[in-house]
Amino acid sequence: MQLKNDIFLRAVRGEKTERPPVWLMRQAGRILASYRAVREKLSGFKELVETPELACEVTLQPVDELGVDAAIIFSDILVIPEALGLPYQMEEKKGPYFPHTINNQTDIDALLAADEAAERLDYVYNALQLTQKALNGRVPLIGFAGAPFTIFAYMVEGSGSKTFSKAKKMLYQAPDMAHELLQKITNATILYLQKQVAAGADVIQVFDSWAGLLSPQSFNEFSLAYMQQIVDAVRPYAPITLFAKDATGSLLDIAATGCNVLGLGWGTSPTQARRLLGANTIIQGNLDPCALYADTNTVTALTQKMIAGFGQHHICNLGHGVYPDTPLDSVKAFIDAAKNFRYQ
Ligand code: CP3
């Protein structure tokens with residue numbers, strides 16, 4: 001299909017663009033009144049994720065209402081552990097909770113095989129197909145999954161955590177078992193992402209939200225090695241973005257995986273990132289989401305400064321998902337700053 005707005009894809013392919021494309025992580029969500037209205041009528045978050053028509057509807061909301069340059073399919077990274085046999089609950093205001101966790105070899109042995117797990121996620125593939133049709137070429141569609149380490153962290157810990165020390169304990173006490181679990185997650189994730197591309201995802205993003213909890217050495221062993229497998233398996237089919245939040249000690253290693261785009265948290269300045277990664281690495285990010293609590297003139301100025309700092313080969317985004325209580329005017333000021341920018 002001929003895209004009407006292909007600036008995001010052109011940037012992902014490494015072409016120079018007249019301005020940076022812009023979208024926001026978590027753009028489909030509680031910042032939009034239209035999202036909250038859909039959500040209120042439902043039994044909960046999972047009903048939204050598991051009903052393709054509704055997932056499609058909320059995926060389109062930020063495209064229609066905010067004018068972002070890419071859509072990201074509405075889903076969650078936690079559908080993979082659930083498909084492997086570890087269901088999650090989404091508790092209001094508290095986040096995800098797993099009634100059963102992985103504690104020993106028996107728990108790992110009980111998980112489903114990768115192909116069976118990937119087959120249980122038809123609702124995601126259906127949502128992608130519906131959304132691609134409804135977008136009708138307006139903007140490209142991003143598919144995604146959690147990085148194996150971040151999924152591992154939830155499966156062992158059972159919920160969010162400041163330190164994830166229970167999950168990290170397994171890395172140090174039973175590294176072989178940790179590797180076996182990480183490999184199982186990776187195998188399922190690869191099939192899942194390939195099926196997302198077949199269903200219409202134009203670009204894939206991998207979220208390693210908890211990468212920053214690992215030392216550079218542990219990150220390379222327990223996270224990057226598995227993301228490398230994913231890059232190798234997905235890149236023949238679609239471009240891929242790796243977002244390993246706060247893995248600031250491993251940026252060169254992440255770039256060396258051959259990922260198309262490197263996502264950055266706000267802990268790295270544009271100057272520092274360019275000094276390390278050079279002018280040609282395609283970087284996505286990285287304004288502090290809290291910067292959007294400033295008045296709109298400040299948001300505009302901060303966004304322009306970031307864009308000028310990165311220069312070409314940059315996709316304008318935040319350094320993490322947008323917070324649900326962010327004023328919509330600030331979100332719009334952020335998007336407009338990117339859309340009105342022109343590279344010299
Ligand atoms: O717009 C988009 O970016 C697409 C949708 C999307 C969601 N989750 C929807 C969602 C994406 C890409 C994710 C990824 C995700 N989910 C990550 C990685 C990105 C990150 O933020 O680090 C993680 C760690 C999760 C797990 C997860 N899901 C948590 C910790 C929470 C609770 C936090 C919260 O904001 O309440 C969720 C729930 C969730 N996923 C919501 C949304 C819109 C909010 C739930 C609601 O509407 O009630």
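Every number for a ligand or one of its atoms is a count from 1 in the order of the listing. If you're wondering where the values come from, they're calculated on a predicted model, not measured in any experiment.
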query = Nearest to atom 28 (N) of ligand 1 by heavy atom, D76, V79, V68: which?
reply = D76

ask   = At under 4.0 Å between heavy atoms, which part of S75 makes contact with ligand 1: side chain, backbone, both or neither?
value = backbone

query = N/O of G321 under 3.5 Å from N/O of ligand 1, yes or no?
reply = no

query = Does a donor on one side chain sit under 3.5 Å from an acceptor on the other, for Y88 and H100?
reply = no

ask   = Heavy-atom contacts under 4.0 Å between I73 and ligand 1: side chain, backbone, both, or neither?
value = backbone

inquiry  = Checking contacts here: is it the side chain or the backbone of R39 that comes within 4.0 Å of ligand 1, counting heavy atoms only? Could be both or neither.
reply    = side chain

inquiry  = On a heavy-atom basis, I'd like to know which of R30, R36, M90, Q205 is closest to atom 36 (O) of ligand 1.
reply    = R30

note = atom 45 (C) of ligand 1 has as its nearest protein heavy atom F45 CD1, 3.5 Å

key: Sub-4.0 Å atoms of ligand 1 with respect to non-hydrogen atoms of S209   = 18 (C), 19 (C), 20 (C), 22 (O), 24 (C)

message = Between Q61 (side chain only) and Y35 (backbone N and O only), is there a donor and an acceptor less than 3.5 Å apart?
response = yes

ask   = Would one find an N or O of W210, backbone or side chain, under 3.5 Å from an N or O of ligand 1?
value = no

ask   = Does any N or O atom in R26 lie less than 3.5 angstrom from one in ligand 1, N or O only?
value = yes

query = Parallel, tilted or perpendicular: which describes the rings of Y125 and Y192, with under 30° parallel and over 60° perpendicular?
reply = tilted

remark   = Residues at least two apart in sequence or cross-chain that pass side chain to side chain contact (heavy atoms under 4.5 Å, CB included) with P99, listed by chain then number, are Q89, Y97

query = Take atom OH in Y293; do more than 12 heavy atoms of anything else shown fall under 6.0 Å from it?
reply = yes

Ligand-residue contact atoms, ligand 1 with F74, heavy atoms, under 4.0 Å = 9 (C), 43 (C)

query = Between P96, A71, G160, which one has a non-hydrogen atom sitting closest to atom 30 (C) of ligand 1?
reply = P96

inquiry  = Can a donor-acceptor pair be found, under 3.5 Å and without considering hydrogens, that links the side chain of D202 to the backbone of P140?
reply    = no

ask   = Taking atom OG of S223 and atom CG of D253, what is their separation to the nearest 0.5 Å?
value = 11.5 Å

key: Numbered atoms of ligand 1 (with element) below 4.0 Å of G95, judged on heavy atoms   = 32 (C)

NZ/K4: more than 12 non-hydrogen atoms of other groups inside 6.0 Å = yes

Return a table of donor-acceptor pairs under 3.5 angstrom between the side chains of residues 7-25 and protein atoms on other chains or two or more places apart.
| from | atom 1 | to | atom 2 | distance (Å) |
| --- | --- | --- | --- | --- |
| R10 | NE | D6 | OD1 | 2.9 |
| R10 | NH1 | E18 | OE1 | 3.3 |
| R10 | NH2 | E18 | OE2 | 3.4 |
| R13 | NH1 | E15 | OE2 | 3.3 |
| T17 | OG1 | R19 | O | 2.9 |
| R19 | NH1 | D69 | OD2 | 2.9 |
| R19 | NH2 | D69 | OD1 | 3.2 |
| W23 | NE1 | Q284 | OE1 | 3.1 |

